[in-house]
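For reference, the structure discussed in these notes is given below.
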Amino acid sequence: QVQLVESGGGSVQAGGSLRLSCVGSGRTISSYAMGWFRQAPGKERQFVAVINSSGEVTYYLDSVRGRFTISRDNAKNTLYLQMNSLKPEDTAVYYCAAGAFPITTPSQYRIWGQGTQVTVSP
């Protein structure tokens with residue numbers, strides 16, 4: 001099965017931007033729906049954005065819609081999350097995941113990356 005590795009996290013001030021990447025290896029990601037999820041300390045893992053296998057269908061958490069954009073480049077076996085106008089409440093470990101369908105429930109995704117930390121200061 002595919003292995004996933006995230007990168008692009010870091011520390012930014014509120015209003016700043018980051019672009020997360022998730023590279024697949026071992027198998028193409030083109031047949032998978034993909035998603036970004038996040039987990040803040042003491043909180044459950046939360047859906048952020050998901051995209052279907054072709055990239056034509058996307059869903060976003062209400063609080064990130066209009067600020068974040070999920071995209072994929074199947075030729076590069078890579079998933080992206082462009083995050084603009086970041087807020088302190090966006091601080092979390094961000095994970096990418098692969099699954100059969102573009103649904104928002106984390107438990108339905110079988111394959112996960114190791115996560116990348118995003119910290120937004122006021």
Side-chain angles (χ1 to χ4, degrees):
Q1 66 181 24
V2 66
Q3 290 82 45
L4 303 174
V5 178
E6 303 96 334
S7 63
S11 297
V12 297
Q13 291 189 325
S17 297
L18 286 172
R19 188 194 197 200
L20 305 184
S21 298
C22 171
V23 179
S25 63
R27 182 177 174 178
T28 177
I29 68 169
S30 62
S31 62
Y32 292 97
M34 302 290 294
W36 286 101
F37 298 82
R38 67 187 181 188
Q39 189 164 18
K43 295 188 176 181
E44 293 186 352
R45 193 164 297 189
Q46 177 187 45
F47 146 76
V48 176
V50 297
I51 188 168
N52 75 332
S53 58
S54 66
E56 296 173 349
V57 178
T58 58
Y59 300 106
Y60 293 93
L61 180 68
D62 284 347
S63 63
V64 308
R65 187 178 293 113
R67 300 189 296 122
F68 291 10
T69 303
I70 188 171
S71 62
R72 64 191 298 161
D73 186 336
N74 287 338
K76 294 183 178 180
N77 230 31
T78 303
L79 175 74
Y80 302 100
L81 185 69
Q82 178 67 44
M83 305 187 294
N84 299 328
S85 303
L86 282 160
K87 303 176 180 181
E89 51 265 42
D90 295 319
T91 295
V93 177
Y94 283 71
Y95 300 89
C96 66
F101 305 103
I103 55 178
T104 62
T105 307
S107 62
Q108 297 301 307
Y109 287 77
R110 297 183 295 111
I111 303 168
W112 292 85
Q114 84 290 349
T116 185
Q117 176 71 46
V118 171
T119 302
V120 185
S121 57

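What you see is a predicted model, and the numbers here were worked out from it, not measured in a lab.
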- prompt: Residues in side-chain contact (heavy atoms from CB on, under 4.5 Å) with Thr28, at least two apart?
  reply: Ser30, Asn77

field: Separation between CG of Leu79 and OG of Ser21, rounded to the nearest 0.5 Å
entry: 8.5 Å

query: Looking at side-chain heavy atoms only, is the closest gap between Arg27 and Gln3 below 4.5 Å?
result: no

With a 3.5 Å cut-off and sequence neighbours excluded, list the donor-acceptor pairs that the side chains of residues 93-105 form with protein atoms.
| unit_1 | atom_1 | unit_2 | atom_2 | d |
| --- | --- | --- | --- | --- |
| Tyr94 | OH | Arg38 | NH1 | 2.9 |
| Tyr94 | OH | Asp90 | O | 2.6 |

field: Student check: side-chain heavy atoms of Ile51 and Val57 closer than 4.5 Å
entry: no

Separation between CZ of Arg19 and CG of Asn84, rounded to the nearest 0.5 Å: 11.0 Å

- prompt: Between the side chain of Gln114 and the main-chain N/O of Val5, is any donor-acceptor distance below 3.5 Å?
  reply: no

- request: Measure the shortest side-chain to side-chain distance between Leu20 and Met83 over non-hydrogen atoms and say whether it is less than 4.5 angstrom.
  value: yes

task: Grab the two heavy atoms, one from Gln39 and one from Ala92, that are nearest each other, plus how far apart they are.
output: O-CB, 3.5 Å

task: Mind checking the NZ-OG spacing from Lys87 to Ser121? Nearest 0.5 Å is all I need.
output: 15.5 Å

- prompt: Can you name the nearest heavy-atom pair linking Ser17 to Gln82, along with the distance?
  reply: CB-NE2, 4.1 Å

Side chain Thr91, main chain Val120, donor-acceptor under 3.5 Å: yes

field: Gln13 CD: over 12 foreign heavy atoms closer than 6.0 Å
entry: no

- prompt: Does one hydrophobic cluster hold both Leu4 and Val23, with members joined at side-chain heavy-atom distances below 4.5 Å?
  reply: no

- line: Across all chains, not counting sequence neighbours, the ring pair (Phe, Tyr, Trp, His ring centres under 6.0 Å) partners of Tyr109 are Phe37

message: Given 3.5 Å as the limit, does a donor-acceptor pair link the side chain of Arg65 with the main chain of Tyr60, or not?
response: yes

Ignoring hydrogens and angles, write down the donor-acceptor pairs under 3.5 Å from the side chains of residues 68-75, residues two or more places apart or on other chains.
| unit_1 | atom_1 | unit_2 | atom_2 | d |
| --- | --- | --- | --- | --- |
| Arg72 | NE | Ser53 | O | 3.4 |
| Arg72 | NE | Asn74 | OD1 | 2.8 |
| Arg72 | NH1 | Tyr32 | O | 2.8 |
| Arg72 | NH1 | Asn52 | O | 2.8 |
| Arg72 | NH2 | Ile29 | O | 2.7 |
| Arg72 | NH2 | Tyr32 | O | 3.0 |
| Arg72 | NH2 | Asn74 | OD1 | 3.2 |
| Asp73 | OD1 | Ala75 | N | 3.1 |
| Asp73 | OD1 | Lys76 | N | 3.3 |
| Asn74 | ND2 | Ser53 | O | 3.1 |

field: Under the salt bridge (charged side-chain N to carboxylate O under 4.0 Å, His left out) test, residues paired with Arg45 that sit two or more places apart
entry: none

field: Which residues share a side chain to side chain donor-acceptor pair (under 3.5 Å) with Thr119, sequence neighbours left out
entry: Gln117

- request: Would you indicate whether the side-chain heavy atoms of Tyr80 and Cys22 approach each other to under 4.5 Å?
  value: no

- request: Kindly compute the distance separating CD1 (Ile111) from CE (Met34), expressed to the nearest 0.5 Å.
  value: 8.0 Å

field: Trp36 side chain near Phe47 side chain, heavy-atom distance below 4.5 Å
entry: no

